[in-house]
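Here the structure is a predicted model, which is why all the values come from computation and not from measurement. A note on names: the letters A, B, ... follow the listed sequences, proteins ahead of strands, and every chain is numbered from 1.
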Amino acid sequence: MPQQFWKPGTDKPRILEDEEGGVVFFAPSLSSASSSSSRFGYASIGSQRQRLPVYKYRTAILYLVETHATTIIVGETGSGKTTQIPQYLKEAGWADGGRVIACTQPRRLAVQSVASRVAEEMDVKLGEEVGYTIRFEDVTNPAATMIKFLTDGVLLREIMDDPLLTKYRYVDSFGSKNLELIWKKLEMVLFCVFPGMVADLLEHIQRRRPELRLIISSATIEAKSMSDFFQTSKKHRGPEDHEFVPRKVPAVLSVEGRGFNVQIHYVVEPVSDYVQATVSTVLSIHDQEPAGDILVFLTGQDDIDAAIQLLAEEAHASRKISSGLIVLPLYSSLPRAEQDLVFSPTPRGKRKVVISTNIAETSLTLEGVVYVVDSGFSKQQFYNPISDIENLVVAPISKASARQRAGRAGRVRPGKCYRLYTEEYFVNEMSSVGIPEMQRSKLVSCVIQLKALGIDNILGFDWPASPPPEAMIRALEVLYSLGVLDDDAKLTSPVGFQAAEIPLDPMISKMILSSNQLGCSEEIITIAAILSIQSIWVSGKGVQKELDEAKLRFAAAEGDHVTFLNVYKGFLQSGKSSQWCHKNYMNYQAMKKVIEIREQLRRTALRLGIVLRSCEGDILAVRKAVTAGFFANASRLEVSDLIFLFPARLEAFSHNGMYKTVRGSQEVYIHPSSVLFRVNPKWVIYHSLVSTDRQYMRNAMTIDPSWLTEAAPHFFQNLRRPDPIAH
DNA sequence: GAGCACTGC
């Protein structure tokens, strides 16, 4: 029914004048438009740098940083701020005498590429004056590095080791100011769990070290609320400090980006089926618009596959339209080789259509996109602290997100964005920034880290977005039951401090710590590494039967955890072979990651004084260690009363696979991907619950119920009393 | 017999 959808080109396109000034698609002069160095083939790096939009603000930025504790720089991508500002600061002397300019980026890849770009511009060897630190990789020289790029997570770990970041502290010969600078991407500050914490923590650090300068790089819309946050948190600090201390009120500076105009088109009527609407829109762009690739935002693999199939059908029906379309899916679980296809240049006379999840919104950039089709939805995680279940659901995106998607059309030349929702909806109904991740997530890891940072009054902590109290209580309860927190909600020694050192979920940390006494630490860190990645198997669609058979070759009667040990052993015996993985329907990339994480855990374990020891096949020890971390996730098979009426038929008819959790008496089932599916042992513990039509336990292991009270006597003793959370 | 938005230590 193409008519029921708005057709691009049939209505006069408009450029949105946004009330919040959110869309700042700036049309620059040609000379500043190109980022390709070939365009400036004869220009020196210096003159290239001067052509970047941020260059005109150089003096202003340096002035503001000099005079303000916090500077917020607002600007679209492409202004050059990421690579240039650290250099300006360095040129102005902020890195003199051993001081360090630290610059965080949300992703590992961004850290690496920005660092090498800056090293190149400064004509220095990466790892000397300019370096970077990401998980598994430290390319810095403490004696020489002046500009250091790092991920939020690494900075968080550094703050944990050194709450006032004193290791960056510079005491110059005059004994005056110690300066350094942390550069933080604000969009991550507001939307992510850990980065949100990082911003708060930096604010805390600033209170005690007013000389520390903070520059926050922000997308337009969040700047004001962030500025308010820094301002109000500092209001209660008493009398103003004396004159050479920087001003507390943050400075805000806008820098235009280098994107092109993007015309925004809205549908006239709301669409009922965005997959169908996507397909109609793509076909009509292809039919009516000049060359240029199309980027479509849908929610997940299912949508994407459905759209591709529908597109193939409709394109087939009208042969004229279909010629020249190259349709490609893009999502993170897609095998690497298929992902790379989206980056290959579009052949002349063809048009590439990339149908993507949110991965293309921020994580990776496609060149050549001129048209964006925005469904208005994405998958978002929600956490229910009452049931303790994390759920991935399709939800409407925010205005901030819609702008980010639209901006993807204006990277190479003026583009168009087709929004599959009405303008009225965008203006009046779409929320401006969405629910902060802090309010949609489990808080156990977050709480243990705050505790480790010495912030004990968590309920009174000055969050930019307070998490729900139920989630907070649930997190404190879990940590208490693990023995990580004591009666005063302080980290216990040594268990609490050790668990905080391990960069994984506290239940996994506890499992690792317990393996020390049980003599199976080698096996347990293998299990921990595998549990902390998505899946070691290849995606099952189309090869389900083969995948199941492959799994059977490794399956252990004790369940998935022990099965993982068999898989890992096989992988090592194959010489970590990619062919072996292929043959066994395992994801080679995932296995390589397991090896990496395992190595890191080994090092962490050694640092914590854990003796690395194999139990040499004593699987009982392994199961007890797993239980020591995951006792709270125990569940018991519900056996029907029929068992007493028809004892002879016990095996076949006594149950329907339903379990009840010990913790909250919730109905749960073993996930079909588990090796224990249909086996249904009487007692299991699981790693996590996923919720679809039913509650499924993912990664289950058989236990003896007596281990539960052995592992956590207090926890199970308390359960006999009415549980306030269970209702 | 089901289904996995996306980061990060």
Side-chain angles (χ1 to χ4, degrees), chain A residues 104-111 133-138 150-161 185 187-188 191-198 297-305 330-334 356-364 375 377-382 390-395 397 401 404 434 437 440-441 445-446 448-449 452 500-505 508-509 528-529 532-542 544-545 547-548 587 590 593 596-597 600-601 603-604 657 669-674 676-678 680 688 690-698:
Chain A
T104 79
Q105 292 288 309
R107 273 172 281 280
R108 293 158 49 91
L109 198 65
V111 166
T133 308
I134 56 179
R135 189 185 192 183
F136 308 128
E137 226 182 316
D138 183 7
L150 68 172
T151 49
D152 304 311
V154 169
L155 184 66
L156 188 64
R157 287 280 151 190
E158 290 194 353
I159 296 174
M160 223 154 156
D161 290 344
K185 294 275 284 182
E187 38 297 13
M188 302 308 290
F191 294 119
C192 292
V193 181
F194 295 149
M197 262 175 64
V198 170
F297 287 102
L298 291 179
T299 62
Q301 193 175 339
D302 280 349
D303 277 359
I304 291 170
D305 291 345
L330 179 64
Y331 42 84
S332 73
S333 59
L334 202 65
S356 172
T357 60
N358 252 4
I359 192 170
E361 193 177 304
T362 48
S363 301
L364 49 87
S375 65
F377 290 93
S378 69
K379 282 197 180 171
Q380 291 159 37
Q381 189 174 267
F382 286 91
E390 289 175 297
N391 240 341
L392 206 56
V393 296
V394 172
I397 61 169
S401 207
Q404 180 75 16
E437 183 155 344
R440 300 186 273 117
S441 310
S445 296
C446 184
I448 195 175
Q449 294 191 45
E501 274 281 297
I502 302 172
L504 296 173
D505 184 274
I508 293 190
S509 305
S532 60
I533 62 162
Q534 289 231 344
S535 171
I536 54 169
W537 308 101
V538 294
S539 167
K541 269 186 180 158
Q544 199 50 64
K545 194 160 158 281
L547 176 57
D548 282 351
N587 183 338
K593 196 149 190 203
E596 264 190 334
I597 295 172
Q600 190 194 14
L601 290 179
R603 287 195 299 270
T604 309
Y669 296 82
I670 292 179
H671 196 277
S673 67
S674 168
L676 294 181
F677 180 67
R678 288 217 191 91
N680 292 314
S688 60
V690 289
S691 176
T692 52
D693 55 325
R694 285 174 167 182
Q695 251 70 265
Y696 286 105
M697 301 180 274
R698 220 187 233 159

Task: No-H, no-angle donor-acceptor pair, A/D548 side chain to B/dG1 base, under 3.5 Å - done: yes
Open item on the list: Under 4.0 Å, heavy atoms only, any strand: does A/Q381 hit a base, just the sugar-phosphate, or nothing?
Closed with: base
Open item on the list: Taking any heavy-atom pair under 4.0 Å as a contact, classify A/I597: base, sugar-phosphate, or nothing.
Closed with: nothing
Open item on the list: Between C1' on B/dG1 and CG on A/L547, what's the gap in Å once rounded to a whole number?
Closed with: 13 Å
Open item on the list: Heavy atoms only, 4.0 Å cut-off, all strands: where does A/S378 land among base, sugar-phosphate and nothing?
Closed with: nothing
TODO: Would you classify A/L392 as touching base, sugar-phosphate or nothing, given that sugar-phosphate means primed atoms plus P, OP1 and OP2, and contacts are heavy atoms under 4.0 Å?
DONE: base
Open item on the list: Both A/P503 and A/T299 contact DNA chain B. Taking the nearest nucleotide for each, which residue is further toward the 5' end?
Closed with: A/T299
TODO: Select base, sugar-phosphate, or nothing to describe what A/R108 touches, counting heavy atoms under 4.0 Å on all strands.
DONE: sugar-phosphate
- [ ] Check every strand shown and say whether A/Y696 touches a base, only sugar-phosphate, or nothing at a heavy-atom separation below 4.0 Å.
- [x] sugar-phosphate
- [ ] Report yes if at least one side-chain N or O of A/T151 is closer than 4.0 Å to OP1 or OP2 of B/dC9; otherwise report no.
- [x] yes
- [ ] Can you sort out the partners of A/T357 under side-chain hydrogen bond (donor to acceptor under 3.5 Å, both in side chains), two or more places apart, ordered by chain and number?
- [x] none
TODO: Establish whether the base of B/dA2 is bridged to the side chain of A/Q544 by a donor-acceptor pair shorter than 3.5 Å.
DONE: yes
Open item on the list: The criterion is salt bridge (Lys or Arg N to Asp or Glu O under 4.0 Å); which residues satisfy it with A/D302, sequence neighbours excluded?
Closed with: A/K541
Open item on the list: Applying a 4.0 Å non-hydrogen cut-off, can you work out what A/D302 is touching in the nucleic acid: base, sugar-phosphate, or nothing?
Closed with: nothing
Open item on the list: What contact category does A/Q301 fall into here, base, sugar-phosphate, or nothing, at under 4.0 angstrom with non-hydrogen atoms?
Closed with: base
